[in-house]
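Everything quoted here is computed from the prediction, not taken from an experiment. Each ligand, and each atom within it, is numbered from 1 in the order the structure gives. Hydrogens, waters and symmetry mates are skipped; everything else that's a heavy atom, side chains included, is used.
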Amino acid sequence: MNKKTHFGYKEVNESDKSKYVGEVFTSVAENYDVMNDAMSFGMHRLWKKILVELAGINSKDYILDIASGTGDISKLISREYPETSIFMSDINYEMLNEGRNRAIDESFNQNCCFCQLSGEVLPFKSNTFDIITVGFGLRNFTDKEQGLSEMKRCLKKHGKLLVLEFSKPINPVFSKIYDWYSFNILPKMGSMLANDSESYQYLAESIRMHPNQELLKEMVINSGFKDCKFYNLLNGVVAIHIGYND
Ligand code: SAM
């Protein structure tokens, strides 16, 4: 029998989820950056800067940026640490291609390479990377545990995982306002700016279906990472989880 999972609020066969997620990102790829700025009032830029600060990168590090999309995180790393080796990677050709074109256009491609892959099945030898980042990607995985254990496998000893993802606001009043914004404004913005309300309805739903801060921390610990912790940003709208390969 087919195992079930969620695609937003819909229950779907596990084997179909990546196809549905793929359709969302193929549809949003062209307008992804504009929508990101509009939806988060530009705050996603700050959240990504904080992630790079927390990463504690060394100049010659090997870095895997999973679900790199249009390349915001890789760009920040490349600019600040030009001698690192960055593997930009995404399951979706259109998103990866936007990232690759941007890296060439904005000249941050000199220390980047581009790999189309699933974060759930990493085609790298064990102990390859010093740092692995996943920015707003894990939420979309079909099997998050499988992805996390692949990330652990590919990290070097003492290597560091950083997961930036939507999470759960702490303040209940703020949480209500945020829910209202997510379900009433986001899909309308999607419709107006990108002619696509459905993808932004999926965004709002997928955020609610994603494990909260504590649960995700448990998942990271259960995948074998050590010294796990998280930082809440914007009252927990977003969190950065960190774990180390011991
Ligand atoms: N990291 C970028 C950022 O923060 O702006 C892009 C984030 S975008 C919201 C999510 C990305 O995750 C999409 O580009 C999507 O194709 C990718 N993605 C979804 N499932 C994936 C998987 N299983 N493996 C790798 N990438 C995946």
Distance in Å, I221 CD1 paired with L148 CG, rounded so as to fall on 0.5 Å steps: 11.5 Å

Protein contact to atom 24 (N) of ligand 1 [nearest heavy atom, distance to 0.1 Å]: G119 N, 2.8 Å

4.0 Å heavy-atom contact, K48 with ligand 1: yes

Ligand 1 versus F25: contacting region, heavy-atom distance under 4.0 Å: side chain

Min N/O separation R139 to ligand 1 under 3.5 Å: no

Centroid-centroid under 6.0 Å between F87 and F114 rings: no

side-chain contact (heavy atoms from CB on, under 4.5 Å) partner of H210, chosen from H6, K168, K144: K144

No-hydrogen, no-angle side-chain donor-acceptor test under 3.5 Å, Y32 and N36: yes

Residues N140, K17; criterion side-chain contact (heavy atoms from CB on, under 4.5 Å); working and verdict: CA-CA 9 Å; N140 303 293; K17 177 164 173 173; 5.5 Å; no

Plane angle bin for F166 and W47 - parallel if under 30°, tilted between 30 and 60°, otherwise perpendicular: perpendicular

Minimum non-hydrogen distance to atom 13 (C) of ligand 1, winning option of D90, L122, V134: D90

Any N/O pair I66/ligand 1 closer than 3.5 Å: no

Any donor-acceptor N or O pair under 3.5 Å, side chains S167, N212: no

Shortest protein heavy-atom distance from atom 10 (C) of ligand 1, along with the residue and atom involved: F136 O, 3.2 Å

Selected option - heavy-atom contact closest to atom 1 (N) of ligand 1, from A67, G22, C115, G137: A67

M95 neighbourhood, listing ligand 1 atoms whose heavy-atom distance to it stays under 4.0 Å: 14 (O)

Ligand-residue contact atoms, ligand 1 with S118, heavy atoms, under 4.0 Å: 23 (N), 24 (N)

Proximal ligand 1 atoms for E120, defined as those under 4.0 Å from one of its heavy atoms: 23 (N)

Per-atom contacts, ligand 1 versus L117 - under 4.0 Å to a heavy atom: 24 (N), 25 (C)

Protein heavy atom at shortest distance from atom 8 (S) of ligand 1: Y32 OH, 3.4 Å

Distance flag, aromatic centroids of Y244 and F225, threshold under 6.0 Å: no

Salt-bridge contact E205-R208 (side-chain N to carboxylate O under 4.0 Å): no

Check: G135 N/O within less than 3.5 Å of ligand 1 N/O: yes

pair Y20-V24: side-chain heavy atoms closer than 4.5 Å: no

Closest candidate by heavy atom, reference atom 27 (C) of ligand 1, pool I91, D33, T133, T70: I91

Where ligand 1 meets N140 - atom numbers and elements under 4.0 angstrom, heavy-atom basis: 10 (C), 19 (C), 20 (N)

Region of S68 that comes within reach of ligand 1 [heavy atoms, distance under 4.0 Å]: backbone

Set of ring pair (Phe, Tyr, Trp, His ring centres under 6.0 Å) partners for F230, sequence neighbours left out: H241

Protein heavy-atom partner closest to atom 22 (C) of ligand 1 - residue, atom, separation in Å: F141 CE1, 3.4 Å

